[in-house]
There are 2 protein chains.
Amino acid sequence: MAQPERELLQALNPSAFDQVLLSLAFFALRQSSYRHGAFLGAAATAAKCAVYTTYVEQGGNLRMTGHLHHIEPKRVKAIVQEIEQGLQTGQGLQHAAFQEPTYLTELPQVWLGQYPWHRSQPRLTGDRLSEEQQTYLEAKLPPDLPTAQGISSAEFADLIAFLHQQAQENSPGDRPLPLSEALAEHIKRRLLHAETVMRLDNPWGMPYYILLSPTYGGPDSPTKAPHSLLEDAAHFLRLSHAWTKQQHNVMRIFESLNIAPADLSQAQTELHEFMRHWAGKYHQRGKPTMAIHMMFGPQDHSLS
Amino acid sequence: MAQPERELLQALNPSAFDQVLLSLAFFALRQSSYRHGAFLGAAATAAKCAVYTTYVEQGGNLRMTGHLHHIEPKRVKAIVQEIEQGLQTGQGLQHAAFQEPTYLTELPQVWLGQYPWHRSQPRLTGDRLSEEQQTYLEAKLPPDLPTAQGISSAEFADLIAFLHQQAQENSPGDRPLPLSEALAEHIKRRLLHAETVMRLDNPWGMPYYILLSPTYGGPDSPTKAPHSLLEDAAHFLRLSHAWTKQQHNVMRIFESLNIAPADLSQAQTELHEFMRHWAGKYHQRGKPTMAIHMMFGPQDHSLS
């Protein structure tokens, strides 16, 4: 968690519910690149799912569902229709928050395909650049770039428009999102912010744009870790729900204890060794797959 | 998780992100009694916090923050002002989703205080009821009620209005929420749905309302368990974040293994016994408090 996130959390002292919600918001908007509106849309969809399940549980009573959630019955009706349509067509609902937007993640591949670069060519093309100017500009490029040409502002804008168009075609269930100037600027800034693309200023004309990485966010992107964190947390929550239903093959262990800092390393090692020994002892290939999720750390809230 | 929730999840096959978001929505709207609007408000607040941290990280650049999240700069400005005001006054922000609404949780205590009942009195008062009618109606009441009188529809409506007014006064940071007819009906239905209150039909006039439990949702309310589940999950997420920062006193253990169903019980017992033994060995009163959160269960998604 970044410094400003940690400081805000400490100042707000949120409830467990708000903490989890904040983790999701930080993940979606900061570690990943969802638009603000996409996050709110995902939250609204989740709420619609909750309303829909109440509707099913109440035997299809629109008025009662509306009373329980404080929504107008005609809005409940619209929600029910939307969810049922999504379930029938198998699309639309889950698109909102499934992954990083494809207009970001697919950009490097499309760029590499449309503007490939070979060692024998200049990296920067353009009629107006002299050989000397080319050499000057290329000296400013970082080493180990992907095999793609640098492109002009106009080509970069076209690439963004193309990728946005593709993303729209592949999510027919969502409301169409036109490519406004602000959205194009958002996409461009996200690519620069993630250091997937850099802008190369050109004293003799319009700037060039350079592909820095063959994947969005680059190989060391912080977007990888939080994804698996959320998968851990989602599975942890699923198991927790099953545990409250007293499902016999689900076990929860919670321990709270006081440990001297000098003993911590030994306690960690012993725990780790036992778990490996235990897993090795009971593992039998071909039998049902079970998982253990465990976190061991300070009880208090002053975590980074 | 209830049957319709489970079925919907299986049909949607949501991403880890959506799973956690859906858990929150089910918790807020179904296991608890947040209004639909309160949940959306909490999600919007979480998004505002994320936008605010980007603003801080970007050195107070409104335009850049707007670009990164695809929001107009003037909206970023309003968000920043709202969060800063919330931080200064120490209120407002965290109210949205802190707990079950007090107009629900405090109703039993206020009812018990305003309409106490003593054994010597009739449970149902009202000028128009004959003694025979009273006996007839009281025979319909369940045993072991709290020591509160049954009240009329009008008295019940007044009680709801009073509690709503109190809740408004205690959350000065929130936008005021007027007590519409729909909101009053929502509150009433929630109280009936949670079996905190029952409606007693009266063949000779308006119905009576009866307090069934001295706490909202009653002592066996399902609202208790999900709360601690979320606390587990929030702490698990906090530790996971710290772990990705390689904080030395945080350890993650993940094991995936195949276990024969016949061995499961023994594997669970051995794991449990080791953990108790290990915790006993390293526990030293007065030293820093550490916690272990562990879930052990099926890897697959077909959990109840």
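Phe296(B) places none of its side-chain heavy atoms less than 4.5 Å from the side chain of Val250(A). No side-chain heavy atom of Pro288(B) sits under 4.5 Å from any side-chain heavy atom of Asn258(A). Residues Leu87(A) and Leu8(B) form a side-chain contact, since some pair of their non-hydrogen atoms from C-beta on lies under 4.5 Å apart. Between Met290(B) and Ser256(A), every side-chain heavy-atom pair lies at or beyond the 4.5 Å cut-off. Taking 4.5 Å as the limit, some side-chain heavy atom of Leu271(A) sits within range of a side-chain heavy atom of Phe274(B). By the 4.5 Å heavy-atom criterion applied to side chains, Leu29(A) and Thr53(B) are not counted as neighbours.
Per-residue counts of heavy-atom pairs under 4.5 Å with chain A were compared for Ala182(B), Pro261(B), Gly286(B), Ala46(B); the largest is that of Ala46(B). Interface summary for chain A: among Val51(B), Leu183(B), Leu264(B), the most heavy-atom pairs under 4.5 angstrom belong to Leu183(B). Most heavy-atom pairs under 4.5 Å with chain A, from the set Ala50(B), Gly66(B), Gly37(B): that is Ala50(B). Residue with the most contacts toward chain A among Ala279(B), Ala47(B), Ser265(B): Ala47(B) (heavy-atom pairs, distance under 4.5 Å). Comparing Glu72(B), Lys188(B), His193(B), Glu7(B) by heavy-atom pairs within less than 4.5 Å of chain A, the highest count is held by His193(B).
Here Arg276(A) contributes atom CZ and Leu257(B) contributes atom CG; the two are 13.0 Å apart, rounded to the nearest 0.5 Å. Between the CG atom in Leu237(B) and the CZ atom in Phe26(A) there is a gap of 12.5 Å [rounded to 0.5 Å]. Separation of atoms CG (Leu239(A)) and CD (Gln299(B)) is listed at 9.0 Å; rounding is to 0.5 Å. Between the CE atom of Met64(A) and the CZ atom of Arg189(B) there is a distance of 5.0 Å, given to the nearest 0.5 Å. For the atom pair CE of Met295(B) and CE of Met251(A), the computed distance is 9.0 Å after rounding to the nearest 0.5 Å. Rounding to the nearest 0.5 Å gives a distance of 8.0 Å between SG of Cys49(B) and CG of Leu9(A).
Residues Ala43(A) and Phe39(B) approach most closely at O-CE2, 3.5 Å, considering heavy atoms. Shown here for Asn249(B) and Pro298(A), the closest heavy-atom pair between the two residues is ND2-CG, 3.3 Å. The two residues Phe17(A) and Leu24(B) have their closest heavy-atom pair at CE1-O, 3.6 Å.
Salt-bridge formation is not detected for the pair Asp263(A)/Lys287(B): no Lys NZ or Arg NE/NH1/NH2 atom is positioned less than 4.0 Å from an Asp or Glu carboxylate oxygen. Under a 4.0 Å N-O distance rule, the pair Arg30(A)/Glu57(B) qualifies as a salt bridge.
In this structure, chain A has a heavy atom under 4.5 Å from the side chain of Val56(B), while its backbone stays farther away. In this structure, chain B has a heavy atom under 4.5 Å from the side chain of Ser180(A), while its backbone stays farther away. For Lys281(A), the part lying under 4.5 angstrom from a heavy atom of chain B is the side chain only. Using a 4.5 Å cut-off between heavy atoms, Ile187(A) makes no contact with chain B at all. Residue contact with chain B, scored on non-hydrogen atoms closer than 4.5 Å, involves the side chain of Leu40(A) exclusively. Heavy-atom distances place no part of Tyr55(B) under 4.5 Å from chain A, backbone and side chain included. Contacts between Ile71(A) and chain B at a heavy-atom distance below 4.5 Å involve the side chain alone, from C-beta outward. Both the backbone and the side chain of Gln266(A) come within contact range of chain B, with heavy atoms under 4.5 Å apart.
Checked against side chain to side chain contact (heavy atoms under 4.5 Å, CB included), Ala267(B) has the following partners two or more places apart in sequence or in another chain: Trp278(A), Tyr282(A), Ile259(B).
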message: As a quick check of understanding, evaluate side-chain contact (heavy atoms from CB on, under 4.5 Å) for Leu21(A) and Thr45(B), giving each step before the final call.
response: CA-CA 9 Å; Leu21(A) 197 52; Thr45(B) 299; over 6 Å; no
* **Verdict with supporting geometry, His186(A) and His70(B), ring-ring contact (aromatic ring centres under 6.0 Å, His included)** => CA-CA 5 Å; His186(A) 160 71; His70(B) 191 221; 5.4 Å; yes
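In terms of modelled atom types and a separation under 3.5 Å, the side chain of Arg190(B) and the main chain of Leu68(A) share a donor-acceptor contact.
By the 30° and 60° cut-offs, the orientation of the rings of His293(B) relative to Phe254(A) is tilted.
Of the residues listed (Arg238(A), Glu231(A), His235(A)), the one engaging Gln19(B) in a side chain to side chain donor-acceptor pair (under 3.5 Å) is Arg238(A), and it is the only one.
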